[in-house]
Amino acid sequence: MSTSGLSTQGVCILGSTGTIGVNTLDVIKRHPEKYNVVALTANQADEKLYQQCVEFKPEYAVLVNADAAQRLKEKIDKAGLNTEVLSGVESLEKVAGLDNVHQVMAAIVGAAGLLPTLAAARAGKRILLANKEALVMSGDIFIKEVEKHQAELLPIDSEHNAIFQCMPSHFEKGLEAAGVNKILLTASGGPFRTRSIDTLHDVTPEEAVAHPNWVMGQKISVDSATMMNKGLEVIEACWLFNTKPEMIQVVLHSQSIIHSMVSYTDGSVLAQMGNPDMRTPIAHAMAWPERIPSGVEPLDIFDVAKLEFEKPDFKRFPCLAMAYEALNEGGTSTTILNAANEIAVDAFLNKKLSFTNISRVIEKTLENITKIDADNLQIILQADSDARQVSEDWVKQLEFKR
Ligand code: NAD
Ligand code: MG
């Protein structure tokens, strides 16, 4: 499938009210002749989704929460819009597989994105993958479904999109055969890269979500502060580029101008650069293999002036080390890691857990559950649910008292 030619591409956005969803709509707005919004979905933000319906007039709008969906339906009816309102998780899967949808932006946060994104894979769509948790939970199964149904998987995560842009077209035959000897995955290091380790215990949610370079949803912002985000991205990169953890070097690069690099056997290192704005990877993946304007400010290289690189400190960021370990263990380890992280981050955001206890909850959960081979979806969903239960217990045990 290609976006070239005259046909307009139908787009479904899973998670349209989030940061990635809003940026996607901003790109689409610039190209009304190329993209047509078929379906928009969110969890429960009825007012925000209503405003998006007024502007983009989708055929379908889905809210998982039934009460919120009812409120949305009333507003849509009152405004006389021709949008059908649906609710429930199954409706996410339905709209991701509609015949007139060509591209599905997978931008739900967390494990909730797995089933609808899998539905898009099974329907053979172009998947614009922001929801890295889907690959972390079930990489093997997910990639097999993509291949079986000839879906197209294009990375939205800025690093993976950068790596994709720096890869030769034949990388799918194996990185070594393509002359690649290392992927250099950049990381900003988040807001606590230089803060004294002794004071990390007292970090507040407000401090943790204040990312120095990127504006993102709350969960990924906390993941950036613990660097679990980079751990999840190492796992994501292994699945997307069919490679092993030892091929991936995390590089701290606090300016967030280089979004990642690919190093080749002949000594070349290719980097993709740009202002830190998610509309670049979104526009790249939507239009690929073409290029379209995204609304992003051109990079002024003289303004940047300086690019710095450091090795990551695994002591400061134990979550990054745990992600490498889970990846090496394989099976359900990364599913457990992901679920425990979601529970711990949620508890931290709700002030029930201290910042440094996020990694302890994950560590304890990984220690207390036996990992098994992850060869079907049922096993994955069970491991996810077990890990959530165990980590909830650990949150209670470590409960933060101010
Ligand atoms: P966000 O919190 O801003 O938005 C999340 C969206 O998902 C919202 O539309 C919300 O309604 C929906 N949602 C939440 N829970 C849901 C549920 N249980 N069922 C259905 N829908 C649900 O998040 P975001 O920052 O846009 O991130 C979305 C995904 O993209 C995450 O997986 C994140 O890791 C990834 N990502 C984000 C960025 C970024 O810059 N924001 C960059 C790279 C990757
Ligand atoms: Mg990223």
Side-chain angles (χ1 to χ4, degrees), residues 1-14 20 23-38 96 100-107 117 120-121 123-132 135 142-143 145-175 177-180 183-185 233 236-237 239-243 258-264 268-296 298-299:
M1 190 194 341
S2 148
T3 49
S4 56
L6 294 172
S7 71
T8 308
Q9 296 276 298
V11 183
C12 163
I13 306 180
L14 300 169
I20 294 290
N23 276 310
T24 306
L25 287 170
D26 187 87
V27 172
I28 289 176
K29 201 158 60 179
R30 295 163 195 275
H31 304 281
E33 72 301 345
K34 280 192 162 65
Y35 304 105
N36 169 40
V37 177
V38 177
N100 58 342
V101 163
H102 304 99
Q103 308 199 354
V104 175
M105 168 55 78
T117 310
K125 306 300 185 193
R126 171 175 290 203
I127 301 167
L128 313 165
L129 187 76
N131 178 223
K132 64 193 91 188
L135 273 185
F142 191 90
I143 296 292
E145 291 289 356
V146 166
E147 284 168 0
K148 182 170 163 197
H149 299 280
Q150 293 173 333
E152 264 184 321
L153 188 57
L154 292 169
I156 294 298
D157 219 336
S158 56
E159 297 78 1
H160 305 72
N161 184 272
I163 294 164
F164 181 75
Q165 293 196 46
C166 297
M167 280 284 176
S169 56
H170 56 288
F171 78 85
E172 274 154 358
K173 290 184 190 134
L175 295 194
V180 172
I183 289 174
L184 302 167
L185 184 72
E233 289 186 0
E236 182 187 13
W239 290 114
L240 283 173
F241 302 107
N242 187 20
T243 189
I258 292 184
H259 300 304
S260 278
M261 297 171 259
V262 174
S263 167
Y264 287 85
S268 303
V269 177
L270 302 191
Q272 186 261 356
M273 297 195 276
N275 281 316
D277 187 322
M278 289 307 291
R279 290 175 300 174
T280 295
I282 291 169
H284 171 266
M286 289 187 78
W288 184 82
E290 294 176 16
R291 297 267 180 181
I292 54 170
S294 63
V296 175
L299 180 66

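Owing to the predicted nature of the structure, the values given are computational and were not obtained by experimental measurement.
When side chains are defined from C-beta on, Leu129 does not count as touching Asp157, because their heavy atoms never get closer than 4.5 Å. A heavy-atom distance below 4.5 Å is found between the side chains of Pro293 and His31. For the pair Thr117 and Phe142, the minimum side-chain heavy-atom distance is below 4.5 Å. At least one side-chain heavy atom of Leu128 sits less than 4.5 Å from a side-chain heavy atom of Gln103. For the pair Ile28/Met286, a side-chain contact is recorded, criterion being any heavy-atom separation below 4.5 Å from C-beta on.
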Next on the checklist: Could you walk me through whether Glu152 and Val146 satisfy the side-chain contact (heavy atoms from CB on, under 4.5 Å) test, starting with their C-alpha distance in whole Å, then the side-chain angles of each, then the deciding distance to 0.1 Å, before giving a yes or no?
Outcome noted: CA-CA 7 Å; Glu152 264 184 321; Val146 166; over 6 Å; no
Next on the checklist: Show, in sequence, the C-alpha distance, side-chain angles and deciding distance for Lys34 and Ile292, and conclude whether the side-chain contact (heavy atoms from CB on, under 4.5 Å) test is met.
Outcome noted: CA-CA 10 Å; Lys34 280 192 162 65; Ile292 54 170; 3.8 Å; yes
Next on the checklist: Arg126 vs Leu153, test: side-chain contact (heavy atoms from CB on, under 4.5 Å). Steps then yes/no.
Outcome noted: CA-CA 6 Å; Arg126 171 175 290 203; Leu153 188 57; over 6 Å; no
Item to check | Pair Leu25-Val37, side-chain contact (heavy atoms from CB on, under 4.5 Å): steps then yes or no | outcome: CA-CA 9 Å; Leu25 287 170; Val37 177; 4.0 Å; yes
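In this structure, Ile282 and Ile20 approach most closely via the heavy-atom pair CD1-O, 3.9 Å. For the pair His160 and Glu233, the tightest heavy-atom approach, listed with the atom from each and the gap, is NE2-O, 2.8 Å. Taking all atoms of both residues into account, the shortest heavy-atom contact from Ala106 to Ile127 is CB-CG2, 4.4 Å. The shortest heavy-atom contact between Pro155 and Ala285 is O-CB, 4.3 Å. Annotation for Ala121 and Ala151: closest pair O-CB, 3.6 Å, computed over non-hydrogen atoms.
Considering only residues two or more places apart in sequence or on other chains, Glu236 meets the salt bridge (charged side-chain N to carboxylate O under 4.0 Å, His left out) condition with none of them. Partners of Lys148 by salt bridge (charged side-chain N to carboxylate O under 4.0 Å, His left out), not counting sequence neighbours: none found. Scanning for side-chain contact (heavy atoms from CB on, under 4.5 Å) contacts around Ala123 gives Lys125, with sequence neighbours left out. Among residues two or more places apart in sequence or in another chain, the side-chain hydrogen bond (donor to acceptor under 3.5 Å, both in side chains) test is passed with Ser294 by none. When the side-chain hydrogen bond (donor to acceptor under 3.5 Å, both in side chains) test is applied to His259, no partner is found at least two apart in sequence or on another chain. The side-chain hydrogen bond (donor to acceptor under 3.5 Å, both in side chains) check on Asp26 picks up Arg30, Arg279, with sequence neighbours excluded. Under the rule for a side-chain contact (heavy atoms from CB on, under 4.5 Å), the partners of Asn100 that lie at least two apart in sequence or sit in another chain are Val38, Glu59, Leu98.
Separation of atoms CG (Leu154) and CE (Met105) is listed at 10.0 Å; rounding is to 0.5 Å. One finds the OG atom of Ser260 at 8.5 Å from the CD1 atom of Ile183 (value rounded to the nearest 0.5 Å). A distance of 9.5 Å separates CZ of Phe241 from CG of Leu185, quoted to the nearest 0.5 Å. Atom OG1 in Thr24 sits 6.5 Å away from atom CD1 in Ile156 (nearest 0.5 Å). Between Leu135 atom CG and Trp239 atom CH2 the span is 8.5 Å, to the nearest 0.5 Å. The distance from atom CG of Leu270 to atom OG of Ser268, rounded to the nearest 0.5 Å, is 6.0 Å.
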Listed pairs under 3.5 Å, donor-acceptor, residues 163-172 side chains, sequence neighbours left out:
unit_1 : atom_1 : unit_2 : atom_2 : d
Gln165 : OE1    : Arg291 : NH1    : 3.1
Gln165 : OE1    : Arg291 : NH2    : 2.9
Gln165 : NE2    : Asn161 : OD1    : 2.8

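Checked by atom type and distance alone, the side chain of Asn36 never pairs as donor or acceptor with a backbone atom of Val11 at under 3.5 Å.
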